[in-house]
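Accompanying notes for the structure given below.
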Amino acid sequence: MSTKRVTATAHVTRRRRSAGLSIGQLHAEHLPDHLDPFLAFDHFEMAEPFFPPHPHAGFSAVTYMFPESANGFLNRDTLGARVEIHPGDLHWTAAGRGLMHEETPMRRGVRCHGLQIFVNLHSSKKWMAPQVLHTSAVDIPRVHRDGAEVRVVAGAHGDTVAAISPPTEVTLLDVVLAPGATLEHRPGAGESRFVYVIDGALEAGAAEAAHSLVAGDAAGLSAEGDVVRVRAGATGAHLVLAGGRPLGEPAVFYGPFCMTSQQDLARAVQAYQDGRMGQLEPSF
């Protein structure tokens, strides 16, 4: 059994967008061969309302709130959902042909800490009816082993399978490692994989060729090899391990829409302009 190598690295600089928002944004240009089917992977801290109601189409907008977050989001959308995203919760909005939504801190001035992830939809699903999936913290399975705590947010880790079955199959593991602890994860064949460090320091890859990573670093892992291996440094580490089977399709963007062609993009824009994605009054 061989260990996957680190084949690309990037550092994501956190930027303060306002007094109540800082964000580090990992996009395809950082790890061009490793993110598909992910489109964007944003690590945020948010204490004030920042994003008014806005549309999405052609992909899934996913919010994962870290368990240690001091606050959660209130999600409203044009499907009529009004959902509280508490610390440790996962909220998955498969926008499909389009909808409007808004997410704001439940308590203004109190920090929300989590991930906003955009996951692509296969071309056959880009015009599906919008769908919302939610997993509460208590329903996200955990694995404890040898100083590693793994929350299986999506996908699987060993025999432990996540509660959610989204329209794009991905793996998302929220991992906390004690000082010096090691995690080994065996992904499915043909899946891309990357690691993003939330806090602390670690080494990724085989021991003889390990790459040192610190908070804000991301590493893409080789297709070759059977096992993803990470080892925490002297102060421990908090990381996210993510991946999935690449869709291998064009990603054509216009603002909050992602399709596979300019023709379909124009169709989505027209649907929005015609009001077919609904209307949502801002809450702030």
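FYI, side chains are in, hydrogens and waters are out, and symmetry mates aren't considered; it's all heavy atoms of this structure.
Atom-to-atom distance recorded for Arg229:CZ and Glu184:CD is 6.0 Å, nearest 0.5 angstrom. Note that CD of Glu29 is 9.5 Å distant from CG of Leu35, once rounded to the nearest 0.5 Å. Taken to the nearest 0.5 Å, the OG1 atom of Thr63 stands 6.5 Å off from the CE atom of Met65. If you take CG on Asp199 and CD on Glu68, they are separated by 9.0 Å, rounding to the nearest 0.5 Å. Atom-to-atom distance recorded for Glu191:CD and Thr171:OG1 is 5.0 Å, nearest 0.5 angstrom. For the atom pair CG of Leu79 and CG of Leu280, the computed distance is 10.5 Å after rounding to the nearest 0.5 Å.
A salt bridge does not link Glu203 with Arg231: every distance from a Lys NZ or Arg NE/NH1/NH2 to an Asp or Glu carboxylate oxygen is 4.0 Å or more.
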Could you go through Ser60 and Gln131, starting from their C-alpha distance and side-chain angles, then the distance that decides it, and tell me whether this counts as side-chain contact (heavy atoms from CB on, under 4.5 Å)? CA-CA 9 Å; Ser60 296; Gln131 178 186 23; over 6 Å; no
Please determine whether ring-ring contact (aromatic ring centres under 6.0 Å, His included) holds for the pair Phe41 and His30, giving the CA-CA distance in whole Å, both sets of side-chain angles, and the decisive distance to 0.1 Å. CA-CA 11 Å; Phe41 197 88; His30 292 108; over 10 Å; no
Apply side-chain contact (heavy atoms from CB on, under 4.5 Å) to residues Phe194 and Val240 and explain how you reach the verdict. CA-CA 8 Å; Phe194 65 94; Val240 175; over 6 Å; no
Checking side-chain hydrogen bond (donor to acceptor under 3.5 Å, both in side chains) for the pair Glu102/Ser283: CA distance, chi angles, key distance, verdict? CA-CA 8 Å; Glu102 176 195 76; Ser283 64; 2.6 Å; yes
Which is it for Arg276 and Arg97 under the side-chain contact (heavy atoms from CB on, under 4.5 Å) test, yes or no, and what are the steps along the way? CA-CA 9 Å; Arg276 281 180 276 143; Arg97 62 182 177 234; over 6 Å; no
Candidate pair Thr168 and Lys125, rule side-chain contact (heavy atoms from CB on, under 4.5 Å), full reasoning: CA-CA 9 Å; Thr168 305; Lys125 297 181 179 180; 5.7 Å; no
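The shortest non-hydrogen separation linking Ala163 to Pro141 is N-CD, 4.3 Å. In this structure, Leu31 and Ala219 approach most closely via the heavy-atom pair CD1-C, 4.1 Å. When all heavy atoms of Ala95 and Pro130 are compared, the closest pair comes out as O-CG, 3.4 Å. Counting all heavy atoms, side chain and backbone alike, Ala94 lies closest to Met128 at CB-CE, 4.3 Å. Between Ala162 and Ala154 the shortest heavy-atom distance is CB-CA, 3.5 Å. Heavy-atom minimum distance, Phe59 versus Asn120: CB-CA, 4.0 Å.
Around CD of Gln263, the count of heavy atoms belonging to other residues, nucleotides or ligands within 6.0 Å does not exceed 12. Within 6.0 Å of atom OH in Tyr254, 12 or fewer heavy atoms from other residues, nucleotides or ligands are found, so the atom counts as exposed in its surroundings. Atom CD of Gln273 sits in a crowded spot, with more than 12 heavy atoms from other residues, nucleotides or ligands closer than 6.0 Å. Annotation: Asp146, atom CG; neighbour count of heavy atoms from other residues, nucleotides and ligands within 6.0 Å does not exceed 12.
Of the possible donor and acceptor atoms, one in the side chain of Lys126 sits under 3.5 Å from a partner among the backbone N and O of Cys258. Looking at Asp226, its side chain does come within 3.5 Å of a backbone N or O of Ser2 through a donor-acceptor pair. Side-chain atoms of Asp264 never come within 3.5 Å of backbone atoms of Met259 as a donor-acceptor pair (strictly under, hydrogens ignored). Under the 3.5 Å distance criterion, the side-chain polar atoms of Glu48 are matched with a main-chain donor or acceptor of Gly109. Using modelled atom types, no side-chain atom of Asp217 and backbone atom of Val197 make a donor-acceptor pair closer than 3.5 Å. A distance-only check finds a donor-acceptor pair linking the side chain of Ser222 to the backbone of Arg5 [under 3.5 Å]. His122 contributes a side-chain N or O that, together with a main-chain N or O of Ser124, makes up a donor-acceptor pair within less than 3.5 Å. Proximity of a side-chain donor or acceptor of Arg76 to a complementary backbone N or O of Pro53 within less than 3.5 Å is not detected.
One hydrophobic cluster, built from ILVMFWY side chains closer than 4.5 Å, cannot hold both Val119 and Leu39; they sit in different ones. Taken together through direct or relayed side-chain contacts under 4.5 Å among Ile, Leu, Val, Met, Phe, Trp and Tyr, Val12 and Leu221 form parts of separate hydrophobic clusters. Under the 4.5 Å side-chain contact rule for hydrophobic residues, Ile117 and Leu90 share a cluster. Cluster annotation: Val132 is not connected to Met106 through the hydrophobic network of ILVMFWY side chains, with a link wherever side-chain heavy atoms come within less than 4.5 Å. Under a hydrophobic clustering in which Ile, Leu, Val, Met, Phe, Trp and Tyr are joined whenever their side-chain heavy atoms come within less than 4.5 Å, directly or via other members, Tyr196 and Val62 fall into the same cluster.
Taking 4.5 Å as the limit, every side-chain heavy atom of Ser192 sits out of range of all side-chain heavy atoms of Phe38. With contacts defined as side-chain heavy-atom distances shorter than 4.5 Å, the pair Met100/Tyr272 qualifies. No side-chain heavy atom of Thr93 sits less than 4.5 Å from a side-chain heavy atom of His56. No side-chain heavy atom of Glu169 sits under 4.5 Å from any side-chain heavy atom of Arg245. Using a 4.5 Å heavy-atom cutoff, the side chains of Asp89 and Glu84 are not in contact. Side-chain contact between His134 and Ser136 is present, with at least one heavy-atom pair separated by less than 4.5 Å. Contact annotation: the side chain of Val176 approaches that of His238 to within less than 4.5 Å [non-hydrogen atoms, C-beta and beyond]. Thr78 places none of its side-chain heavy atoms less than 4.5 Å from the side chain of Met277.
Residue Ser22 forms a side chain to side chain donor-acceptor pair (under 3.5 Å) with just one option from His43, Arg15, Arg16, Arg14, and that option is Arg14. Each of His91, Gln116, Arg151 was scored for a side chain to side chain donor-acceptor pair (under 3.5 Å) with Tyr64, with one residue passing: Arg151. Just one residue in the list Leu239, Val175, Leu183 forms a side-chain contact (heavy atoms from CB on, under 4.5 Å) with Val195, and that residue is Leu239.
A donor atom on one side chain and an acceptor atom on the other are not found under 3.5 Å apart for Glu249 and Thr260.
Separation of the Phe73 and Phe44 ring centroids falls under the 6.0 Å cut-off.
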